[in-house]
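In what follows, a structure is listed as structure tokens, so that the remarks can point back to it.
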Amino acid sequence: MIIKNTLRKALPAAFLLLLCGALHAERQDILLNDGWSFRFSHQVERGTERRVDLPHTWNAKDALSGKLDYKRGIGNYEKKIAVPADWKGKRLFLRFEGANSVANVFVNRRWLGEHRGGYGAFVFEITDRVNYGKENTITVRLNNGERLDVMPLVGDFNFYGGIYRDVHLLVTDDVCISPLDYASSGVRLFQEDVSEKQATVRVVTALSNGADVPADVRVRARILADGKVVQEKDRAVSVPADASARAEIEFDMKNPRLWNGREDPFLYRAEIVLLRGGKEIDRVEQPLGLRFFRIDPDKGFFLNGKHLPLRGVCRHQDRDGIGNALSKEHHDEDMAIMLEMGVNAVRLAHYPHAEYFYDLADKHGLVVWAEIPFVGPGGYLDKGFVDHPAFRANGKEQLKEMIRQHGNHPSVCMWGLFNELTAAGDNPCDYIRELNALAHEEDPTRPTVAASNQQGAINFITDAIAWNRYDGWYGGTPANLGRWLDSMHKNHPELRIGISEYGAGGSILHQQDELKKPVAASWHHPENWQTHYHIENWKILSSRPFVWGSFVWNMFDFGAAHRREGDRPGINDKGLVTFDRKIRKDAFYFYKANWIKDVPVLHLAGKRHVKRSAPAQTVIAFTNLPEAELFVNGESRGTAKPDAVAVVSWKNVALRPGENEIRVEARAADGKKISDAVSCVLAPEEKKKQ
């Protein structure tokens with residue numbers, strides 16, 4: 001993370017740039033989100049452009065309405081910035097946190113460069129392209145169209161076009177901590193030997209000299225805890241003219257305080273300062289969470305020597321009404337909802353997410369599975385791999401970007417290499433082996449993983465493997481999952497087996513008395529089947545310690561324009577929370593009752609089922625308390641204890657015609673009574689006319 005100028009939001013851009021140049025000698029980071037003009041490339045008439053502020057996508061309406069041919073083409077963004085004359089001698093960089101998917105950048109109508117890939121940050125230096133003391137024009141032409149040379153080729157999600165994350169102008173000295181190292185911070189923190197008694201951390205800093213003479217500088221690295229310096233070392237470095245160099249500093253720390261997931265997500269801070277002639281000219285800060293972990297084929301995931309079952313969810317980076325143009329407030333809300341449910345791990349599918357979300361995971365102690373967008377077709381047509389040199393090269397570039405940009409986050413414990421690829425036609429196995437070797441070369445400290453839905457050699461390449469299983473939704477019953485897991489573990493005891501996806505559609509608008517499995521591709525996705533699906537699947541997963549992690553698909557409903565199912569087109573409704581984040585489905589509370597221990601949970605399932613037809617009902621609730629009591633119309637129907645997965649139930653509960661109140665009550669450890677209730681109407685269904 002780069003130090004940001006705290007004045008930037010309060011002042012107009014042109015005045016801010018002039019002020020920054022006068023006040024500061026060290027790095028400046030200026031947000032360029034406001035006041036862009038936008039038009040599609042086919043809109044060539046003058047006056048067709050319109051103002052937009054970033055983050056922005058042009059697909060927030062068409063893709064989310066279920067329009068199959070939502071706009072996938074070229075959009076033009078343009079912004080004017082003033083560059084003070086006294087910046088001459090400085091270096092200027094444009095840093096884009098994310099733009100989908102192929103970006104061509106121009107300065108004053110002259111092409112500067114191209115970046116291919118929609119989910120990683122990228123940087124261009126503009127030092128020699130701007131006119132100092134004048135206004136300059138930045139133009140970005142973005143293409144989110146279908147291509148065969150850029151990952152991903154396919155996906156069961158929307159390929160939103162636009163500059164959907166922040167854009168920064170970085171101003172540095174002619175010698176700086178390099179922003180050009182795959183748009184990373186320029187600092188890499190390698191935890192090479194960590195235990196409860198000691199930790200060895202190697203700090204590698206990339207330096208860049210833009211001047212035509214060598215520069216003698218000093219790199220100072222500090223480790224801070226709670227604002228206090230606990231270790232500090234300096235190193236002198238000579239950076240050749242118009243070239244780069246690296247500085248390595250190693251720390252040995254005794255009895256470190258460990259980053260211990262949600263139990264104690266303690267963070268040190270690494271502060272790297274660049275000095276010339278004793279004067280600070282650049283500074284970068286990065287999170288440092290010391291931890292060690294492993295995955296055992298029989299016993300699962302261990303963090304800091306202790307078994308930690310990964311109770312995870314998957315997340316897509318979009319939401320209702322705005323597509324993928326998320327603000328920090330949206331990321332904060334998503335994290336808060338996950339923490340409320342008791343999540344301790346998250347798979348960031350199917351691509352690198354915003355840097356800020358990794359910061360949140362560090363802060364709150366979530367274990368992160370980060371992955372590149374090497375995505376197969378799932379149950380759809382086309383392929384996720386084409387054996388083309390440009391595609392292969394692009395995938396490796398995106399892998400390097402992900403590792404270098406997010407590798408300092410302690411929350412990231414595994415690098416994901418693919419999702420649901422098939423071996424038919426161009427076989428991706430050899431290429432996956434190349435990616436696997438590259439990941440270990442870039443980062444020897446983390447295992448590689450993958451999400452498979454196939455059998456065969458593809459499952460024996462990465463360090464750990466997980467499967468996307470939908471037993472009881474797309475086919476079979478949940479019991480199939482248990483049989484499959486046991487067979488796979490028995491036949492391949494060396495495999496580190498996880499479940500990367502499991503889930504079922506659930507619409508809050510679709511309710512039913514009976515528990516009946518729907519057709520997955522239909523317009524009827526009753527919520528009670530989704531709830532039942534998760535209860536039965538969690539029974540299986542929670543009783544098998546060799547499953548190193550399981551990840552619900554999905555935490556939130558998300559956009560997929562080609563979907564024709566559930567209660568509206570264009571939405572995948574497998575989320576535990578609605579697309580707008582306003583309603584938590586019953587399955588959400590099922591997991592909360594299982595995963596939260598320090599807060600009393602009592603939730604009555606089926607509260608949206610307000611019109612019922614069966615006079616005898618099964619009433620279920622979820623609780624982490626010892627027992628609960630059911631009341632129907634004020635009359636007790638008895639107490640019951642929850643089973644091993646926090647489900648408490650009452651069968652053959654009679655309702656009276658007309659209105660009924662169903663209420664469950666329980667007492668928390670402090671004696672306080674908690675309850676949950678619903679009012680419903682019993683109205684037997686009319687017989688269909690012959």
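Between Trp369 and Phe551, the ring-plane angle classifies as perpendicular under the 30° and 60° cut-offs.
No side-chain donor-acceptor contact under 3.5 Å links Asn100 to the backbone of Gly162. At least one donor-acceptor pair closer than 3.5 Å links the side chain of Gln530 to the backbone N or O of Ala504. Under a 3.5 Å cut-off, the side chain of Thr57 and the backbone N or O of Tyr164 do not form any donor-acceptor pair. Put simply, the side chain of Asn528 gets close to the backbone of Glu514: a donor and an acceptor are under 3.5 Å apart.
Remark: aromatic rings of Trp553 and Phe558 are close, center separation under 6.0 Å. The distance between the ring centers of His409 and Trp259 does not fall below 6.0 angstrom. The distance between the ring centers of Trp473 and His525 falls below 6.0 angstrom. Checked against the 6.0 Å centroid threshold, Phe588 and Phe556 do not count as a close aromatic pair. Between His353 and His406, the ring center distance fails the sub-6.0 Å criterion.
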- Message: side-chain contact (heavy atoms from CB on, under 4.5 Å), that's the test. Do Thr618 and Val653 meet it? Break it down for me.
- Response: CA-CA 6 Å; Thr618 295; Val653 176; over 6 Å; no
- Query: Should Asp296 and Arg496 be marked as a salt bridge (charged side-chain N to carboxylate O under 4.0 Å, His left out) after you check the CA-CA gap, both sets of side-chain angles, and the distance that decides it?
  - Reply: CA-CA 7 Å; Asp296 185 273; Arg496 297 167 175 86; over 6 Å; no
- Where do Glu665 and Lys673 land on the salt bridge (charged side-chain N to carboxylate O under 4.0 Å, His left out) test, with the steps shown first? CA-CA 7 Å; Glu665 292 183 357; Lys673 182 186 293 184; 3.7 Å; yes
- Residue pair Glu501, Arg347: steps toward the salt bridge (charged side-chain N to carboxylate O under 4.0 Å, His left out) verdict: CA-CA 9 Å; Glu501 295 179 19; Arg347 178 182 173 215; 3.1 Å; yes
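Between Arg469 and Asp471 there is a salt bridge, since a side-chain N of the basic residue sits under 4.0 Å from a carboxylate O of the acidic one. Between Asp573 and Arg568 no salt bridge is recorded (no basic side-chain N to carboxylate O distance below 4.0 Å). Between Asp156 and Arg563 there is a salt bridge, since a side-chain N of the basic residue sits under 4.0 Å from a carboxylate O of the acidic one. Under 4.0 Å is where a charged nitrogen must lie from a carboxylate oxygen, and between Arg291 and Asp264 no such pair does.
To the nearest 0.5 Å, atoms NE2 (His524) and OG (Ser507) are separated by 9.0 Å. Atom CG of Leu267 sits about 9.5 Å away from atom CZ of Arg257, to the nearest 0.5 Å. The CG atom of Asp676 sits 11.0 Å away from the CD1 atom of Ile662 when rounded to the nearest 0.5 Å. In this structure, Glu263 CD and Leu258 CG are separated by 10.5 Å, a value rounded to the nearest 0.5 Å.
Figure legend: Arg72 and Phe159 shown as a cation-pi pair, the cationic atom lying under 6.0 angstrom from the six-membered ring centre and within 45 degrees of its axis.
Pairs passing the ring pair (Phe, Tyr, Trp, His ring centres under 6.0 Å) check and including a residue from residues 622-659, sequence neighbours excluded, read Phe590-Phe622.
With Met414 as the fixed residue, the side chain to side chain contact (heavy atoms under 4.5 Å, CB included) test singles out one of Val367, Thr462, Val368: Val367.
Lys517 NZ: more than 12 foreign heavy atoms inside a 6.0 Å radius.
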